[in-house]
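Here the structure is laid out as structure tokens; the discussion comes afterwards.
Quick caveat, the model's predicted, so the values are computed rather than measured. Note: hydrogens, waters and symmetry copies are ignored here, and every other heavy atom, side chains too, is used.
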4 protein chains.
Amino acid sequence: MRATPDRIVDAGLSLFSDRGFRGTTVGQLEAAAGLTPRAGALYKHFPSKEAVLEAAFERHVAEVEALHSAIELMPLGDLRAELTLLARFGMQTLVRERALRRIVLTEGDRIPDLKRRYRERIVDRSYEEVVSFIRQKMAGGEFPAGSDPEAISVLMVGALLGFTLEYDVFGRHPLGVDEDRFIDVIVDSAMAMSRAGTGPRPQPEPEGSHSR
Amino acid sequence: MRATPDRIVDAGLSLFSDRGFRGTTVGQLEAAAGLTPRAGALYKHFPSKEAVLEAAFERHVAEVEALHSAIELMPLGDLRAELTLLARFGMQTLVRERALRRIVLTEGDRIPDLKRRYRERIVDRSYEEVVSFIRQKMAGGEFPAGSDPEAISVLMVGALLGFTLEYDVFGRHPLGVDEDRFIDVIVDSAMAMSRAGTGPRPQPEPEGSHSR
Amino acid sequence: MRATPDRIVDAGLSLFSDRGFRGTTVGQLEAAAGLTPRAGALYKHFPSKEAVLEAAFERHVAEVEALHSAIELMPLGDLRAELTLLARFGMQTLVRERALRRIVLTEGDRIPDLKRRYRERIVDRSYEEVVSFIRQKMAGGEFPAGSDPEAISVLMVGALLGFTLEYDVFGRHPLGVDEDRFIDVIVDSAMAMSRAGTGPRPQPEPEGSHSR
Amino acid sequence: MRATPDRIVDAGLSLFSDRGFRGTTVGQLEAAAGLTPRAGALYKHFPSKEAVLEAAFERHVAEVEALHSAIELMPLGDLRAELTLLARFGMQTLVRERALRRIVLTEGDRIPDLKRRYRERIVDRSYEEVVSFIRQKMAGGEFPAGSDPEAISVLMVGALLGFTLEYDVFGRHPLGVDEDRFIDVIVDSAMAMSRAGTGPRPQPEPEGSHSR
DNA sequence: CATGAATGAGTGTTCATTCAT
DNA sequence: AATGAATGAACACTCATTCAT
């Protein structure tokens with residue numbers, strides 16, 4: 001079995017994300033960590049409930065941060081393929097971040113430091129990854145000179161965030177548009193704004209599965 | 001002065017949205033409504049704290065709902081102009097909805113009914129407005145036949161939501177992209193995916209800072 | 001019935017003095033004040049347990065202080081009679097102060113402010129009353145010129161304090177010497193040090209029970 | 001290094017006396033004894049926290065008791081000198097007893113046995129030593145026949161106790177009267193009540209430092 | 001209608017004590 | 001003998017809610 005502090009942090013991440021910080025009692029944390037509830041055993045490992053939040057948050061931020069550091073957009077020689085990869089990676093990260101996002105949303109005002117750390121180490125980095133990709137493609141002539149790379153990045157990241165959040169909150173995809181279809185449309189829209197989009201569109205294959 | 005129940009509902013909307021349901025005490029509601037705090041006067045008007053949330057939520061949902069019903073996309077004869085109007089309206093609604101969104105985000109799991117009502121009466125309606133607009137334009141030949149109108153709607157609404165949320169949570173626009181620039185890019189992307197986008201692009205002015 | 005805050009303060013004075021601050025629980029205070037124990041009703045009237053101590057302490061200090069201010073040593077024209085009166089008054093005050101003394105003894109280190117207030121407003125004043133009495137008598141020639149009025153005062157007050165404390169703590173008078181006998185000896189010793197003491201002693205009545 | 005139980009007892013004596021029994025945690029005792037705090041190692045040596053108090057108390061009582069047994073009032077042939085010696089010894093013992101006295105004061109009600117032992121083995125013995133001294137001097141004709149030796153003893157011991165306590169609690173001597181001056185006055189008062197006091201006073205040496 | 005007082009069910013936290021290693 | 005982990009019983013304090021006035 002994992003060590004007790006780890007189990008407490010696991011419990012914290014999931015409970016805080018599900019019920020919020022206030023909504024989670026120390027007894028629930030203990031129970032979820034396999035300790036006797038309301039016995040105070042948590043305090044052998046953490047000085048306070050807030051410290052559990054801290055630790056859980058930090059661990060998760062570090063994990064997601066590592067994910068970002070690991071990513072290396074390999075050049076595939078094909079803009080559409082690269083955009084798809086980028087979008088898929090973004091979606092995946094957002095799914096992973098779910099607990100973090102909920103905690104920031106719920107407790108961000110009470111503990112602004114969480115908000116700051118999440119923004120600096122996760123959110124800002126995401127935008128920068130996308131914007132640097134777009135800029136590089138602009139330099140390579142794949143996006144027209146007048147493009148607004150920041151705005152395009154904000155559009156793409158925002159759309160991914162909005163889509164993910166919708167699913168998080170309501171448990172279903174809006175208008176029945178699933179992940180694949182959403183990735184397609186986000187890539188389509190980027191392609192359409194690229195140099196490629198100015199010529200004839202990439203030919204919707206007449207029988208196309210979903211990218212109709 | 002407004003009637004006491006109204007003042008309590010006002011207080012509820014703002015306090016619940018700022019501090020969450022659990023984070024708001026009955027005493028704070030009373031104080032904010034001009035009653036003696038912790039004296040229990042609230043219970044003369046509402047049977048419970050939850051009933052205040054109910055009432056506050058319902059009132060706000062009804063307001064935003066009315067907004068949606070009032071909208072009537074007048075045909076401007078120009079796709080870009082119409083898209084811009086649509087985007088601006090969506091943004092505006094999302095800003096208005098802020099308190100609702102925060103309450104659903106924070107308390108949606110505890111009181112699933114709130115979530116359902118918000119989704120059915122606000123969120124779904126937004127998607128349907130956009131998708132019906134796109135479908136209509138497809139019928140009019142302004143979008144290519146192979147387009148995925150649902151996906152395009154989800155992209156647009158999701159992007160607006162993501163952008164707004166970012167501002168709500170962090171108090172600043174990502175990458176410094178302000179609302180106007182964001183509306184531009186969202187419209188650009190839709191235009192690019194439209195029939196218009198398949199031909200030559202709408203004139204990137206050679207020197208344009210960021211094609212607004 | 002007295003008002004609730006008053007009843008709480010009464011309870012506090014007696015419980016704190018009997019069991020110490022730490023040794024007294026809020027539930028006990030509530031119970032002793034006629035409230036449901038462990039129901040938190042105390043917090044309607046005081047912000048914290050410590051605030052009850054504060055209030056109880058302050059009220060009692062003020063009472064004893066008033067006692068000191070009220071005293072007016074009337075000249076009886078007889079040194080022995082005046083000394084007896086002084087000693088009796090001192091003893092009485094010390095008995096009244098019992099609760100204060102115990103609180104200072106028990107909690108003085110944790111809350112140094114209590115100590116300071118007790119010292120400044122009660123203790124120091126006692127010493128000064130006695131020393132000013134002795135000085136006045138020295139000026140009147142009733143104490144020899146070489147006397148040490150401060151030391152004599154410290155002796156008298158200290159003796160009263162020691163005697164009282166003994167009774168407080170052990171519930172009985174040491175060596176069976178009761179209050180009257182003690183007052184006698186304290187007066188005797190002062191008289192003996194006075195000018196009168198240098199001549200023949202004030203007539204030990206040959207059959208005297210114990211009064212000297 | 002001393003054995004662990006001894007170190008625990010040392011820690012107990014000082015901590016209990018400084019913070020009281022309730023105010024001292026087992027963890028603090030362990031830490032002060034060089035053990036890992038809150039690890040429960042204390043229970044290898046003592047069955048409970050109370051047992052530590054017991055042991056610490058008993059050890060200290062025995063020490064002070066030994067002091068009393070050791071004393072042997074040697075006849076100096078001079079009443080004043082003997083009284084001074086007695087007073088100095090009493091003062092010294094009281095200073096040594098400080099921790100005991102504080103523990104009895106603080107915990108005496110909770111654990112009446114402590115009180116009883118302290119009284120029987122320390123306090124009563126002190127009174128008896130003094131009273132036997134005075135009686136002996138009365139028998140030798142140095143105190144007048146009508147004297148009340150018990151009362152005189154209570155006066156002297158009480159005065160010493162009061163003086164010492166004042167210093168313990170407030171950290172300063174009342175009215176600036178230091179130990180020497182206090183011993184002088186206590187001896188003066190006893191001398192004044194003695195046969196010697198009935199004649200002319202012992203002549204304040206014209207240049208006397210403080211025995212004025 | 002509003003207020004002050006009271007209540008009971010929690011909540012975070014502390015701590016003496018036990019136990020397996 | 002010492003440690004780390006766990007337990008259960010408190011405790012101060014909060015808060016939604018009720019009730020008499």
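Comparing D:Gly34 and A:Thr36, the nucleotide of DNA chain F nearest to each residue sits closer to the 5' end for D:Gly34. The residue among D:Gly40 and C:Thr24 whose nearest nucleotide of DNA chain F is located toward the 5' end is D:Gly40. The residue among C:Ala41 and D:Ser48 whose nearest nucleotide of DNA chain E is located toward the 5' end is C:Ala41.
Rounded to a whole Å, the CG atom of A:Leu29 is 15 Å from the P atom of F:dT7. Atoms CZ (D:Arg22) and P (F:dA9) sit 18 Å apart, rounded to a whole Å. Distance C:Arg38 CZ to E:dT11 P: 14 Å, rounded to the nearest Å. Between the CZ atom of B:Phe46 and the P atom of E:dC1 there is a distance of 12 Å, given to the nearest Å. Going from atom CG of B:Leu15 over to atom P of F:dA16 covers 12 Å, rounded to whole Å. Between B:Leu35 atom CG and E:dG4 atom C1' the separation is 14 Å, expressed in whole Å. The nearest whole Å value for the distance from the NZ atom in A:Lys49 to the P atom in F:dT14 is 15 Å. Distance A:Glu50 CD to E:dG12 P: 12 Å, rounded to the nearest Å.
Distance CG/C:Leu114 to CZ/C:Phe57: 5.0 Å, rounded to 0.5 Å.
Within 4.0 Å of A:Leu42, counting heavy atoms only, lies no atom of the nucleic acid at all. In this structure, D:Lys44 reaches the bases: a heavy-atom distance under 4.0 Å links it to at least one base atom across the strands shown.
Note on A:Asp18 versus B:Arg110: no salt bridge recorded, every NZ/NE/NH1/NH2 to OD/OE distance being 4.0 Å or above. Ion pair C:Asp113/C:Arg116 flagged as a salt bridge, since at least one NZ, NE, NH1 or NH2 atom sits closer than 4.0 Å to an Asp/Glu carboxylate oxygen.
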Could you walk me through whether B:Glu58 and B:Arg117 pass the salt bridge (Lys or Arg N to Asp or Glu O under 4.0 Å) check?
-> CA-CA 9 Å; B:Glu58 180 55 33; B:Arg117 276 148 69 190; 2.8 Å; yes
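Checking E:dA6, E:dT3, E:dG12 against the side-chain heavy atoms of C:Arg7 singles out E:dA6 as nearest. Nearest to the side-chain atoms of A:His45 among the listed nucleotides F:dT17, E:dA6, F:dA5 stands F:dA5.
With B:Phe170 as the aromatic partner, A:Lys115 does not meet the cation-pi criteria of under 6.0 angstrom to the ring centre and within 45 degrees of the ring axis.
Closest of all the heavy-atom pairs between B:Gln28 and B:Leu15 is O-CD1, 3.7 Å. Shortest non-hydrogen contact noted between B:Arg101 and B:Asp168 is NH2-OD2, 2.6 Å.
For E:dT14, neither phosphate oxygen OP1 nor OP2 lies less than 4.0 angstrom from any side-chain nitrogen or oxygen of D:Thr25. Phosphate contact (OP1/OP2 of F:dC13, side-chain N/O of C:Tyr43, threshold under 4.0 Å): present.
Where DNA chain E pairs in unbroken runs of 3 or more (Watson-Crick or G-U, both distances under 3.5 Å), the stems are E:2-21 with F:2-21.
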